[in-house]
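Some notes on the structure that comes next.
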Amino acid sequence: MTKLDVLQVFAQVNGFVKPDYVRARLRPAPDRRSLYSYLGRLKGQGLLDRNPNSRRGHLTYRLTERGRARIEYLRRTLQRHP
């Protein structure tokens, strides 16, 4: 699981997504607790927004503009250094 893999799941949806939805689309599927922690770090970096109406058990995130820019940056970097 890479940062690009995770962010691309959010880019495909273009809206708020539950962490379990993201987990189901990653191969191999990461540990649930690890993914929740990782999404929190991505939020801290400004790459994801958390739904302000989220409550326990109903957490959702979406990609920010900064997250979209990071996807483009990571794609360009991978093209230069395959």
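As the structure is a computational prediction, the values presented were derived from the model and not from experiment.
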Item to complete: Could you list the residues that satisfy salt bridge (Lys or Arg N to Asp or Glu O under 4.0 Å) with Arg62, not counting sequence neighbours?
Response: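 Scan of Arg62 (salt bridge (Lys or Arg N to Asp or Glu O under 4.0 Å), adjacent residues dropped) gives Asp49.
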Worksheet item: Of the non-hydrogen atoms in Leu42 and Val6, which two are nearest, and what is the gap between them?
Response: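 Leu42 and Val6 have their closest heavy atoms at CD1-CG1, 3.8 Å.
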Worksheet item: So which heavy atom on Leu35 is nearest to which on Pro30, and how close?
Response: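 Scanning both residues completely, I find the closest heavy atoms to be CB-CG, 4.2 Å.
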Fill in: Residues in side chain to side chain contact (heavy atoms under 4.5 Å, CB included) contact with Arg27, at least two apart in sequence or another chain
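Arg27 satisfies side chain to side chain contact (heavy atoms under 4.5 Å, CB included) with Ala29 once adjacent residues are dropped.
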Worksheet item: Who pairs with Ala24 by side chain to side chain contact (heavy atoms under 4.5 Å, CB included), at least two apart in sequence or on another chain?
Response: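 None.
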Worksheet entry | side-chain hydrogen bond (donor to acceptor under 3.5 Å, both in side chains) evaluation trace for Arg33 with Ser37 | CA-CA 6 Å; Arg33 188 175 297 162; Ser37 175; over 6 Å; no
Discussion item. Using a 3.5 Å distance criterion without hydrogens, assess whether the side chain of Thr64 forms a donor-acceptor pair with backbone atoms of Gly46.
Written reply: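 Indeed, once roles are kept as given, a pair shorter than 3.5 Å links the two residues.
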In Å, rounded to the nearest 0.5 Å, how long is the span from [atom1] of [X] to [atom2] of [Y]?
X	Y	atom1	atom2	result
Arg70	Leu63	CZ	CG	11.0 Å
Lys18	Thr60	NZ	OG1	8.5 Å
Arg50	Leu59	CZ	CG	5.5 Å
Gln79	Leu74	CD	CG	11.5 Å

Item to complete: Is it possible for you to check whether Arg23 lies under 6.0 Å from the centre of the six-membered ring of Tyr21, through NZ or CZ, and within 45° of that ring's axis?
Response: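 Negative - Arg23 is either too far from the ring of Tyr21 or too far off its axis.
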Fill in: side-chain hydrogen bond (donor to acceptor under 3.5 Å, both in side chains) partners for Lys3, two or more places apart
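Expected list: Gln45.
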Item to complete: Apply side-chain hydrogen bond (donor to acceptor under 3.5 Å, both in side chains) to Tyr36 and list each qualifying residue two or more places apart in sequence or on a separate chain.
Response: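 Tyr36: side-chain hydrogen bond (donor to acceptor under 3.5 Å, both in side chains) contacts with Arg32.
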In residues 7-17, what donor-acceptor pairs under 3.5 Å come from side-chain atoms, sequence neighbours left out?
unit_1, atom_1, unit_2, atom_2, d
Gln8, OE1, Arg75, NE, 3.3
Gln8, OE1, Arg75, NH2, 3.0
Asn14, OD1, Arg68, NH2, 2.6

